[in-house]
Student: 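Structure incoming, see below.
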Amino acid sequence: RACPTNAFPRPQVLDARREATQLGIAIVFATVTLLVALAAVLLGLGLADRIVRPIGRLIQAADEVSSGNLYVQVPVTKSNDDVSHLGETFNKMTNVLRSQHNSLIAANDLNDQRRRFMEAVLSGVPAGVLGVDAGGVVRVLNPMAATLLGQTDTNPLLGCSIGELLPQLGPMMQ
C-alpha cells in the first residue's frame, strides 16, 4: 500500500502551529505572573495597612496627651502582637498619668487651703509672727511682723534669709 502524500502536515504548518501554541502558553504564563504579582501587592498593602493604622492611632493619641488630654485611649485588638501590647501599655500609661495628675491637683488644692487658713489666722494675731524653714529662709509672716520690720507689705520679705532681716538672730539659726 502506498501512503498518501497529504497524510502528514507540511513542516510550514507544523511550525505555524508550534509558534501559535508557544505564543498562547507565553500569554497564559504572563497573565498568571501578572495576577500573582497583583495579588502579592494587594496582600502586602493589606498587611501594611493592618500595621500602620494602629501606629497612626498611637501617634494621634500621643499628640493629644502632649497637649494635655490625659483621657485619651487607643482601641486595642484582642490579638497577641506587639502593636496590641503597645496600645495596652499606652492606655495603662495614660491611666497612671491621669491618676498622678489628679493627685497632684488635689495636693495643691489642699496646700492652698492650708496656706489661706494660716494667712487668715496670722492676719488676726496682734503679735508679729515669722515662720522660717530649716535653712533659715522666711516662708510665712503676718502683717504685724512686716510692720515691725519696717515694711508695709509681706511679699518682699518672703524668701529672705532670717539673718538678713534680723542679723542678731542669724547666728542662732546655724
Student: State yes or no: do Val140 and Val129 share one hydrophobic cluster built from I, L, V, M, F, W and Y residues joined by side-chain heavy-atom distances below 4.5 Å, directly or via other members?
Tutor: yes
Student: Flag yes if Leu86 and Val72 sit in one hydrophobic cluster, no otherwise; membership is Ile, Leu, Val, Met, Phe, Trp, Tyr, and two members link when side-chain heavy atoms are under 4.5 Å apart.
Tutor: yes
Student: Verify the cluster assignment for Leu158 and Ile162: are they in a single hydrophobic cluster under the rule of side-chain heavy atoms below 4.5 Å apart?
Tutor: yes
Student: At their closest point, which heavy atom of Ala146 faces which heavy atom of Leu141, and how far apart are they?
Tutor: N-CD1, 3.9 Å
Student: So how far is it from Leu97 CG to Tyr71 OH, rounded to the nearest 0.5 Å?
Tutor: 12.0 Å
Student: If I take atom CG from residue Leu148 and atom CG from residue Leu165, how far apart are they, to the nearest 0.5 angstrom?
Tutor: 12.0 Å
Student: Any donor and acceptor pair, going by atom type alone, linking the side chain of Ser99 with main-chain N or O of Asn95 inside 3.5 Å?
Tutor: no
Student: Taking NZ, NE, NH1 and NH2 as the nitrogens, is one of them in Lys92 or Glu88 under 4.0 Å from a carboxylate oxygen of the other?
Tutor: no
Student: Applying a strict under-4.5 Å side-chain criterion to I, L, V, M, F, W and Y, I'd like to know whether Val65 and Val74 cluster together.
Tutor: yes
Student: Hey, what do you get for CG (Asn69) to OG1 (Thr94), rounding to the nearest 0.5 Å?
Tutor: 9.0 Å
Student: Around atom CZ of Arg114, are there more than 12 heavy atoms of other residues, nucleotides or ligands at under 6.0 Å?
Tutor: no
Student: Please answer: with hydrophobic residues joined when any side-chain heavy atoms are less than 4.5 Å apart, are Met93 and Leu58 in the same cluster?
Tutor: yes
Student: What are the two closest heavy atoms between Ala62 and Phe90, and how far apart are they?
Tutor: N-CZ, 3.8 Å
Student: For Ser66 and Asp63, does a side-chain donor sit closer than 3.5 Å to a side-chain acceptor?
Tutor: no
Student: Do you know which two heavy atoms are closest between Ile51 and Pro54, and how far apart they sit?
Tutor: O-CD, 3.3 Å
Student: Using only atom types and a distance under 3.5 Å, with no angle test, would you say the side chain of Arg98 pairs donor to acceptor with the backbone of Leu70?
Tutor: yes
Student: Can you confirm whether Asp82 is buried at CG, in the sense that more than 12 heavy atoms of other residues, nucleotides or ligands lie under 6.0 Å from that atom?
Tutor: no
Student: Any chance you could measure Asp81, atom CG, to Arg50, atom CZ, to the nearest 0.5 Å?
Tutor: 7.0 Å
Student: Which pair of non-hydrogen atoms, one from Arg57 and one from Pro75, has the smallest distance, and what is that distance?
Tutor: CD-CG, 3.7 Å
Student: Main chain of Ala127, side chain of Asn142: is a donor-acceptor contact present, judged purely on distance under 3.5 Å?
Tutor: yes
Student: Before you tell me yes or no, could you show the steps for Ile59 and Ile55 under side chain to side chain contact (heavy atoms under 4.5 Å, CB included), namely the whole-Å CA-CA distance, both residues' side-chain angles and the distance that decides it to 0.1 Å?
Tutor: CA-CA 6 Å; Ile59 291 170; Ile55 292 174; 4.2 Å; yes
Student: Measuring from Ser103:OG to Asn108:CG, what's the distance to the nearest 0.5 Å?
Tutor: 12.5 Å
Student: Working to the nearest 0.5 angstrom, can you tell me the gap between Arg139 CZ and Leu157 CG?
Tutor: 13.0 Å
Student: Tell me, yes or no, whether the heavy-atom count around Arg115 atom CZ, taken from other residues, nucleotides or ligands under 6.0 Å, exceeds 12.
Tutor: yes
